[in-house]
Amino acid sequence: MTKLAYHLYDAPCLWQWPQRALRPAPLTIWLLDLPAAHPGLAAYWPCVRIDDAETLTARMAQADLNQVLVVTRASRSNGTRQVLEKAVEEKRLPGSQILCLPEQADEGQSSLIWALIIQGIERRFEYELSALEAQLIRIHQPHEQARLCADFVSRWLDVERIEFQLPGQAEPKPEETRGAMVFCWQTVPTCALRVYLASQQPQACWMQSRFEDMKQTQVACRQSFPNLQQAGYLGRLHEQCHRILYLVGANQYCEVVWADTSKTELLSMPLKMVHRYMHKELIQVHRSYLVNPDRVQGARRKRNGRVELFLHLSRIPVGDTYKQGLEESHSHWFDRADAYRRR
């Protein structure tokens with residue numbers, strides 16, 4: 001993350017979109033109801049200043065709101081607040097793409113504002129990378145995978161050209177690939193992109209490292225889930241993880257309990273396979289249960305010392321093997337459990 005400095009130009013910049021880039025930036029920053037101009041921000045990323053609700057409404061009618069990061073204050077005017085709230089309610093503007101600045105942020109704190117903007121840009125990047133990862137799991141044709149990866153990289157970087165390295169192709173000579181960055185998403189067989197940048201961009205190396213992390217997930221998935229149907233299950237669960245309440249396993253099957261419907265879904269794959277692939281999104285609290293931590297509402301400690309979690313109308317037992325680790329990583333659940341016990 002960017003180190004906060006007194007002046008914007010003293011802060012090392014992790015993200016930058018070239019002003020002469022032929023492609024539009026993946027996100028446009030809307031500076032809404034900010035009394036200070038913050039002129040230095042535009043040197044790093046395309047910015048649009050909006051001062052009233054009428055201009056905001058007109059902009060929203062013309063723009064793709066999935067490609068906008070709104071930067072505003074908590075004490076914004078009632079008019080702009082109503083316009084934003086309506087757009088969020090109608091699901092035209094994701095609430096995660098509205099960034100509220102602290103009240104003390106003024107023209108002398110551009111570096112603070114830029115650091116917060118970077119967080120918003122990275123959140124959107126990680127969201128799109130997660131969607132790409134789920135697509136690669138479900139698609140097994142290297143040419144189609146290469147097209148998806150090339151579209152993603154060219155969206156987030158200003159590139160001069162992209163070359164594919166796919167199975168069956170001869171390895172190029174080192175002098176032929178001088179100046180190229182390699183974005184690899186699969187090793188057996190080797191599938192990668194050789195990316196030639198149109199200009200230096202500080203986020204390029206960081207993005208390359210994120211592709212390396214994604215490659216490890218892809219390799220583990222191919223090794224553990226050779227069944228194409230199971231790979232499809234995993235890709236779909238990854239895309240719809242926010243809808244999952246919990247999973248319960250039984251032998252070679254697991255049942256998915258959705259949060260927004262009364263129906264459940266039975267998958268022909270063991271629970272440990274789901275956990276190995278989705279260990280970042282789902283937490284194992286019992287040998288037979290995976291839960292969505294965002295859906296946990298509280299906990300209760302029984303008289304015998306056992307703990308159970310509340311997820312909507314369900315009670316999920318916490319296994320003794322997992323209790324100590326959960327107490328360290330999610331202590332707020334157990335603080336609530338102690339409060340319930342005192343009652």
Side-chain angles (χ1 to χ4, degrees), residues 1-2 8-9 11-34 36-51 55-72 80 84 87-88 92-101 105 110-133 135 147-162 180-181 183 193 195-211 214:
M1 191 54 59
T2 297
L8 178 64
Y9 297 101
C13 175
L14 183 60
W15 287 81
Q16 185 176 2
W17 191 258
Q19 295 182 347
R20 297 183 179 181
L22 297 178
R23 285 177 172 265
L27 287 176
T28 301
I29 299 171
W30 288 3
L31 303 176
L32 178 61
D33 275 350
L34 296 183
H38 303 291
L41 299 178
Y44 285 150
W45 206 267
C47 299
V48 175
R49 182 175 173 80
I50 301 175
D51 295 321
T55 305
L56 177 62
T57 303
R59 288 273 184 182
M60 284 186 165
Q62 300 173 357
D64 181 358
L65 299 185
N66 287 315
Q67 300 179 6
V68 169
L69 178 64
V70 180
V71 182
T72 183
T80 56
L84 290 178
V88 173
R92 294 188 296 125
L93 175 65
S96 60
Q97 290 177 213
I98 300 177
L99 181 62
C100 291
L101 298 178
S110 292
S111 58
L112 168 63
I113 296 174
W114 179 243
L116 295 173
I117 288 175
I118 286 178
Q119 295 178 11
I121 295 174
E122 287 185 355
R123 277 199 305 268
R124 183 64 192 184
F125 173 86
E126 292 290 350
Y127 173 81
E128 295 190 11
L129 184 66
S130 178
L132 172 65
E133 188 175 4
Q135 287 179 302
R147 184 190 65 80
L148 292 172
C149 291
D151 289 346
F152 179 85
V153 172
S154 60
R155 169 169 162 76
W156 285 94
L157 290 174
D158 181 29
V159 300
E160 181 180 305
R161 73 179 190 276
I162 295 179
M181 302 185 70
F183 288 72
L193 304 178
V195 180
Y196 297 83
L197 300 178
S199 60
Q200 293 296 323
Q201 296 152 68
Q203 69 267 27
C205 292
W206 182 78
M207 285 179 55
Q208 187 182 34
S209 68
R210 294 296 290 112
F211 259 75
M214 185 175 69

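Quantities reported herein were computed from a predicted structural model and do not represent experimental measurements.
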Next item on the list: May I ask you to decide if the ring planes of F183 and F211 are parallel, tilted or perpendicular, using 30° and 60° as cut-offs?
Entry: perpendicular

Check: Taking the six-membered ring for Trp, are W45 and W15 parallel (under 30°), tilted (30 to 60°) or perpendicular (over 60°)?
Finding: perpendicular

Checklist line | Approximate separation, where rounding is to 0.5 Å, of D158 CG and L197 CG | finding: 8.0 Å

Check: Heavy atoms, side chains only, cut-off 4.5 Å: are L56 and L84 in contact?
Finding: yes

Checklist line | Heavy-atom side-chain contact between F125 and P26 under 4.5 Å | finding: no

Notebook entry, point to check: Can you tell if the side chain of Q203 reaches within under 4.5 Å of the side chain of E122, non-hydrogen atoms only?
Noted result: no

Note to self: Which heavy atom of V68 sits nearest to which heavy atom of V70, and what is that distance?
What the structure shows: CG1-CG2, 3.8 Å

Note to self: Walk me through whether D151 and R155 qualify under salt bridge (charged side-chain N to carboxylate O under 4.0 Å, His left out).
What the structure shows: CA-CA 6 Å; D151 289 346; R155 169 169 162 76; over 6 Å; no

Checklist line | Within-4.5 Å side-chain heavy-atom neighbours: Q201 and M207 | finding: no

Check: Between S209 and W206, is there a donor-acceptor pair closer than 3.5 Å when you use the side chain of the first and the backbone of the second?
Finding: yes

Checklist line | Approximate separation, where rounding is to 0.5 Å, of S199 OG and Q16 CD | finding: 7.5 Å

Next item on the list: Check S154 against V159 and note the closest heavy-atom contact, atom names and distance.
Entry: CB-CG2, 4.0 Å

Margin query: Is the shortest side-chain heavy-atom distance between I117 and I121 below 4.5 Å?
Written below: yes

Check: Between L132 and C149, which heavy-atom pair has the shortest distance, and what is it?
Finding: CD1-N, 4.3 Å

Checklist line | CZ/R23: more than 12 non-hydrogen atoms of other groups inside 6.0 Å | finding: no

Margin query: Could you tell me if the side chain of R123 sits less than 4.5 Å from the side chain of Q119, heavy atoms only?
Written below: yes

Checklist line | Working for side chain to side chain contact (heavy atoms under 4.5 Å, CB included), residues W114 and I29 | finding: CA-CA 11 Å; W114 179 243; I29 299 171; 4.2 Å; yes

Next item on the list: Mark yes when over 12 heavy atoms from residues, nucleotides or ligands other than Y196 sit less than 6.0 Å from its OH; otherwise mark no.
Entry: yes

Next item on the list: With rounding to the nearest 0.5 Å, note down the distance linking CZ in R210 to CH2 in W156.
Entry: 12.5 Å

Check: Distance from I162 atom CD1 to R147 atom CZ, nearest 0.5 Å?
Finding: 12.5 Å

Next item on the list: Locate the shortest heavy-atom distance separating L27 from R124; write the atom from each residue and the value.
Entry: CD1-CB, 3.7 Å

Next item on the list: Can you see which heavy atom on N66 is nearest to which on P94, and at what distance?
Entry: OD1-CG, 3.6 Å

Checklist line | Flag side-chain contact, heavy atom, 4.5 Å: R59 against W30 | finding: yes

Notebook entry, point to check: Which heavy atom of L65 sits nearest a heavy atom of Q97, and at what distance?
Noted result: O-NE2, 3.3 Å

Margin query: Measuring from atom CG of D51 to atom OG1 of T80, what distance do you get when rounded to the nearest 0.5 angstrom?
Written below: 10.5 Å

